[in-house]
Each structure stands twice: as C-alpha cells, then as structure tokens.
Amino acid sequence: MFDHLLLLSPVLLFLPLVITVPPPGGAPPAPCRRCCDDLELQKGPPAPQTGDQKSDLNQMPEVRTYINMTILKGDKGNRGDRGTPGKSGEEGATGSRGPMGPKGTKGQAGPPGDPCKTQEAAFSVGRRKSLHSVDYYQALVFDTEFVNLHGHFDMFKGKFNCYVPGIYFFNVNIHTWNFKETYLHIMRNDKEQAIVYAQPSERSIMQSQSLMLPLELNDEVWVRLYKRERENAVYSDDVDVYITFNGYLIKPTLE
C-alpha cells in the first residue's frame with residue numbers, strides 16, 4: 001500500500017487548491033450561485049432591486065445621431081478665383097543628354113553670294129625694231145603686244161603699272177648687235193634691280209635676265225637702256241621679234 005501512495009503523491013501535489021479570496025476594497029463577497037439558480041429565480045417572485053440597479057434605470061439611454069452625407073450633398077459650386085503663384089523651387093540638376101533626333105528635311109537654298117574678286121595681272125610685249133642709245137638714259141619702248149591683262153602695261157611709256165600689290169615675276173630677252181655693247185637695267189620706279197649686259201663681239205647673241213619683285217600699289221617696272229663710252233644698242237627686225245619683256249603676278253598681298 002505504501003507503494004500505491006508513492007505513485008499517487010505526484011498527482012496530489014498538482015491538484016489546484018481552491019480558496020475564497022475577498023475582493024479588494026472591503027466589498028462583501030458575492031454569494032455562490034449554481035448554474036440552475038437562474039431558472040429558479042424566473043419561477044419565483046422578482047428579486048428586489050438594489051440601489052445601483054435603480055440608478056441605472058433612471059438614466060437616459062445614449063442616442064448617437066447618424067447622418068447620411070449622400071442625401072445632404074448639394075449641387076456643385078462655381079470655380080473659385082485662381083490663387084497667387086507660389087515661389088519658384090530650387091533649380092534641379094542638369095539631366096542627361098537625350099538620344100539624337102531624326103534627320104530634318106532639306107532647307108531652302110539661300111540667296112546668292114557676292115562674286116569672288118579674282119586678283120590677277122600679266123603682260124607680255126615685244127619690239128620689232130632695233131634701238132641705239134642716243135641719250136644718257138633711255139626707256140625701252142615696245143611696239144608689239146602679246147598679252148596685256150586689264151591694260152596694266154603702258155605701251156606708250158614702256159612701263160608696267162602695279163594695280164594689284166603682291167609678288168611678281170619679270171623676264172627680259174634681248175638680242176645683241178655685232179661689235180656693239182649691250183647694257184640694260186630692269187628698273188623698279190627709279191632704282192636699278194637687275195642688269196642685262198653683253199660685251200662687244202663679232203657675233204650677236206641672245207641675252208636674258210629674270211627676277212621676282214615685291215610691288216606696292218602704283219609701282220612701275222620698266223627696262224632702261226644705258227649709254228656708256230662705247231655705243232650701246234639692241235638688235236631686232238621687222239620679220240622676227242628679238243626683244244621681249246614679260247611679267248605676271250605670283251601671289252597678291254591680300255587674298
């Protein structure tokens with residue numbers, strides 16, 4: 001039997017202990033009621049009401065008003081006046097570059113421009129007659145015109161007039177006379193630039209001289225025959241041209 005008590009002791013230890021604890025505040029404890037006490041009270045006379053129950057009956061019931069807003073909604077009013085604009089916000093960051101758009105249509109042709117002003121100058125002249133020096137200085141005048149662009153070479157004076165400043169090329173070809181000296185200068189205005197010279201000889205020969213000169217506006221380039229102690233002459237005839245003078249613009253100063 002002692003063995004049975006040892007087996008039952010753990011169960012007994014865990015059984016709940018029911019005791020009556022008085023409510024806080026010193027209120028009398030409520031009487032115990034059975035589940036069937038309500039049925040017996042309905043059969044018997046009504047129990048007298050306590051003071052708390054009478055006060056609850058004298059109070060007005062709470063009424064809560066409910067308003068259906070859909071019924072009270074009126075017609076739509078007129079639009080109000082526009083308000084004043086607000087202050088500008090802070091400037092945003094620059095966005096990334098967007099994709100390239102499609103190619104546009106071809107535009108209309110523009111008005112014609114001013115024609116280009118070509119700057120050019122050139123001449124080529126010759127002499128068919130022989131010339132003997134009679135004066136101390138004598139200009140070599142030409143009687144045959146091969147090229148005279150824009151008339152810049154003066155055939156009466158035998159001088160080229162510069163109307164287009166720039167760099168020019170000049171060339172002189174002469175034929176010497178037997179037993180006579182040939183002595184000429186290519187002149188720029190009144191200053192000698194290059195010489196064409198041949199000593200007296202039994203045979204006549206062709207002599208040539210070339211050079212480039214920078215010219216300013218209204219400069220003159222010409223060939224001067226020089227007389228020295230001996231007779232100075234150049235040879236030519238009516239059949240062939242032995243004496244020529246040529247020049248042309250290589251590069252204008254202002255393009």
Side-chain angles (χ1 to χ4, degrees), residues 116-255:
C116 297
K117 296 181 179 180
T118 57
Q119 296 180 326
E120 51 191 9
F123 72 92
S124 179
V125 294
R127 182 181 175 92
R128 293 180 182 273
K129 295 180 180 180
S130 301
L131 179 64
H132 291 264
S133 180
V134 294
D135 298 326
Y136 189 76
Y137 294 114
Q138 183 179 358
L140 187 60
V141 179
F142 301 87
D143 53 25
T144 303
E145 183 180 273
F146 299 110
V147 175
N148 190 7
L149 195 62
H150 307 302
H152 291 180
F153 189 88
D154 190 342
M155 295 294 293
F156 297 99
K157 296 181 179 180
K159 295 181 178 182
F160 169 74
N161 299 302
C162 177
Y163 293 101
V164 182
I167 300 175
Y168 285 79
F169 173 82
F170 296 98
N171 168 260
V172 175
N173 297 288
I174 57 99
H175 191 276
T176 64
W177 203 314
N178 295 352
F179 304 104
K180 295 182 180 180
E181 188 177 36
T182 302
Y183 193 179
L184 300 95
H185 280 103
I186 299 176
M187 307 288 295
R188 176 187 176 187
N189 299 325
D190 295 330
K191 186 175 181 180
E192 300 90 347
Q193 301 296 317
I195 188 173
V196 184
Y197 180 78
Q199 292 181 344
S201 174
E202 296 179 357
R203 298 177 58 187
S204 61
I205 59 174
M206 293 293 298
Q207 289 286 86
S208 179
Q209 181 66 279
S210 302
L211 79 164
M212 288 189 294
L213 292 174
L215 300 184
E216 301 293 337
L217 185 64
N218 297 325
D219 279 350
E220 293 180 336
V221 179
W222 51 292
V223 180
R224 186 186 70 179
L225 189 64
Y226 186 82
K227 179 178 173 61
R228 296 186 63 183
E229 298 175 354
R230 293 176 293 274
E231 190 176 5
N232 187 15
V234 290
Y235 176 82
S236 188
D237 58 34
D238 297 337
V239 179
D240 297 317
V241 178
Y242 289 88
I243 304 171
T244 60
F245 183 29
N246 313 286
Y248 56 87
L249 176 65
I250 296 177
K251 185 180 184 299
T253 301
L254 298 176
E255 293 183 337

Chemist: Are the side chains of Leu184 and Val234 in touch, meaning some heavy atoms are under 4.5 Å apart?
Modeler: yes
Chemist: Is there a donor-acceptor pair under 3.5 Å between the side chain of Gln193 and the backbone N or O of Ile186?
Modeler: no
Chemist: Work out which heavy atom in Val164 is nearest to a heavy atom in Gln119; give both atom names and the distance.
Modeler: CG1-CB, 3.8 Å
Chemist: Considering non-hydrogen atoms only, spot the tightest contact between Leu249 and Ile167 and give its length.
Modeler: CD1-O, 3.5 Å
Chemist: Quick check: does any side chain N or O of Ser124 sit under 3.5 Å from a backbone N or O of Gly247, one acting as donor and the other as acceptor?
Modeler: no
Chemist: Under a 3.5 Å distance rule, please check whether Arg127 uses its side chain to pair with a backbone N or O of Val141 as donor and acceptor.
Modeler: yes
Chemist: So, for Tyr248 and Phe169, is the gap between ring centers shorter than 6.0 Å?
Modeler: yes
Chemist: Enter the distance from Thr144:OG1 to Lys129:NZ here, rounded to the nearest 0.5 Å.
Modeler: 9.5 Å
Chemist: Decide if atom CG of Asp190 counts as having more than 12 heavy atoms of other residues, nucleotides or ligands within a radius under 6.0 Å.
Modeler: no
Chemist: Examine distances only and state if a side-chain atom of Asp219 and a backbone atom of Cys162 form a donor-acceptor pair shorter than 3.5 Å.
Modeler: no
Chemist: Assign the ring pair Phe123 / Phe170 to parallel, tilted or perpendicular, where the plane angle (0 to 90°) is split at 30° and 60°.
Modeler: tilted
Chemist: I want to know whether Phe160 and Phe245 have ring centres closer than 6.0 Å.
Modeler: no
Chemist: Are there over 12 heavy-atom neighbours, none belonging to Met212, within less than 6.0 Å of that residue's CE?
Modeler: no
Chemist: Would you say Glu181 and Tyr197 are linked by a side-chain donor-acceptor pair, where the criterion is simply a distance under 3.5 Å?
Modeler: yes
Chemist: Please give me the minimum heavy-atom distance between Tyr242 and Met206, naming the atom from each residue.
Modeler: O-CE, 3.6 Å
Chemist: Give the ring-plane orientation class for His132 versus Trp177, where under 30° counts as parallel, over 60° as perpendicular and anything between as tilted.
Modeler: tilted
Chemist: Can you name the nearest heavy-atom pair linking Glu202 to Asn178, along with the distance?
Modeler: O-CG, 3.4 Å
Chemist: Find out whether Met187 and Lys159 are in side-chain contact, i.e. whether some heavy atom of one side chain is under 4.5 Å from a heavy atom of the other.
Modeler: no
Chemist: For Asn189 and Glu220, indicate whether the former's side chain and the latter's backbone hold a donor-acceptor pair under 3.5 Å.
Modeler: yes
Chemist: Mind telling me whether Tyr183 and His185 have parallel, tilted or perpendicular rings, with 30° and 60° as the class edges?
Modeler: tilted
Chemist: Verify, without hydrogens or angle tests, whether Asp237 (side chain) and Val239 (backbone) share a donor-acceptor contact under 3.5 angstrom.
Modeler: yes
Chemist: Is there a side-chain contact between Gln138 and Leu131 (heavy atoms, below 4.5 Å)?
Modeler: yes
Chemist: Mark yes or no for whether Trp222, through its side chain, and Arg188, through its backbone, hold a donor-acceptor pair below 3.5 Å.
Modeler: no
Chemist: Closer than 3.5 angstrom, by distance alone: can the side chain of Ser236 be matched with the main-chain N or O of Ser130 as a donor-acceptor pair?
Modeler: no
Chemist: So, taking the atom named CD1 in Ile205 and the one named CD in Gln199, what distance separates them when rounded to the nearest 0.5 Å?
Modeler: 9.5 Å
Chemist: Show the nearest heavy-atom pair for residues Asp143 and Met155, with the distance to one decimal.
Modeler: C-CE, 4.1 Å
Chemist: Compare every heavy atom of Ala121 with every heavy atom of His152, then report the nearest pair and how far apart it is.
Modeler: ND1-CB, 3.8 Å
Chemist: Report, as yes or no, whether the 6.0 Å neighbourhood of atom CD on Glu120 holds more than 12 heavy atoms from other residues, nucleotides or ligands.
Modeler: yes
Chemist: Once you round to the nearest 0.5 Å, how far does CD1 of Ile174 lie from CG of Leu140?
Modeler: 9.5 Å
Chemist: Sort out for me which residue in Asn171, Val172, Asn246, Asn173 forms a side chain to side chain contact (heavy atoms under 4.5 Å, CB included) with Ser210.
Modeler: Asn171
